[in-house]
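The structure appears below as C-alpha cells.
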Amino acid sequence: MKVELVMRIRDPKYLGRTLSRDDIAFEVIPIVGDGVIWNGDWGVETCIYRYMGPDYVEIGLQPCGADGVENLIAAGWTLR
C-alpha cells in the first residue's frame, strides 16, 4: 500500500499548497500521535491525521512555516 506524507504550510504566500512525499516505506503505518521519521537528520514529526484511501494512506504531519519550505524541497519534498 502506498503511503504519502503531507505537510501543510502556514503562510498566506502558500495558501492551499502542501508539501508531500510518497517515496518512504513504513513497516507499520503511523497512526495519529505517532512520531514519524522521514529522514534521520531532521528529527521526528508528529502524525496529526491519517486518511485511508482505497489503495493509499495519507499521513498528515505537523504544519511547517514558509521559512522551511525551500529546505524541505531540497530534502526531497514536492510542493503541490
Side-chain angles (χ1 to χ4, degrees):
M1 180 171 288
K2 181 177 165 183
V3 176
E4 182 174 12
L5 298 176
V6 176
M7 249 188 235
R8 308 235 184 269
I9 306 167
R10 293 183 313 244
D11 190 287
K13 175 182 173 184
Y14 293 100
L15 187 63
R17 312 272 318 261
T18 60
L19 293 164
S20 67
R21 279 192 83 144
D22 63 1
D23 61 338
I24 299 172
F26 295 94
E27 287 184 36
V28 177
I29 298 173
I31 61 171
V32 173
D34 281 353
V36 177
I37 299 173
W38 58 271
N39 180 326
D41 294 338
W42 283 73
V44 178
E45 297 290 336
T46 302
C47 174
I48 59 172
Y49 74 86
R50 180 170 91 164
Y51 173 78
M52 303 278 300
D55 59 350
Y56 73 98
V57 178
E58 181 176 295
I59 303 295
L61 302 178
Q62 294 171 312
C64 72
D67 56 335
V69 171
E70 294 304 320
N71 289 335
L72 288 164
I73 291 171
W77 289 75
T78 301
L79 185 62
R80 62 175 187 162

Original post:
If you group Ile, Leu, Val, Met, Phe, Trp and Tyr by side-chain heavy-atom gaps below 4.5 Å, do Y49 and V3 land in one group?
Top reply: no
CG (L15) and CZ (R10) are apart, to the nearest 0.5 Å, by 14.5 Å
So salt bridge (Lys or Arg N to Asp or Glu O under 4.0 Å) across residues 17-30, not counting sequence neighbours, yields K2-D22, R21-D23
message: Assigning hydrophobic clusters by single linkage (Ile, Leu, Val, Met, Phe, Trp, Tyr; side-chain heavy-atom cutoff under 4.5 Å), is F26 placed with V6?
response: no
Give every donor-acceptor pair under 3.5 Å between a side-chain atom in residues 62-78 and any protein atom, sequence neighbours left out.
none

Distance col, row Y51:OH vs I59:CD1, nearest 0.5 angstrom, shows 12.5 Å
Heavy atoms of M1 and D55 approach each other most closely as CG-O, 3.8 Å
For residues 30-39, which side-chain donor-acceptor pairs fall under 3.5 Å, sequence neighbours excluded?
| unit_1 | atom_1 | unit_2 | atom_2 | d |
| --- | --- | --- | --- | --- |
| D34 | OD2 | I31 | N | 3.0 |
| N39 | OD1 | D41 | N | 2.9 |

Tightest non-hydrogen contact, residues I29 and R50, listed as O-NH1, 3.5 Å
Q) Is I9 reachable from I48 through a run of hydrophobic residues whose side-chain heavy atoms are each under 4.5 Å from the next? A) no
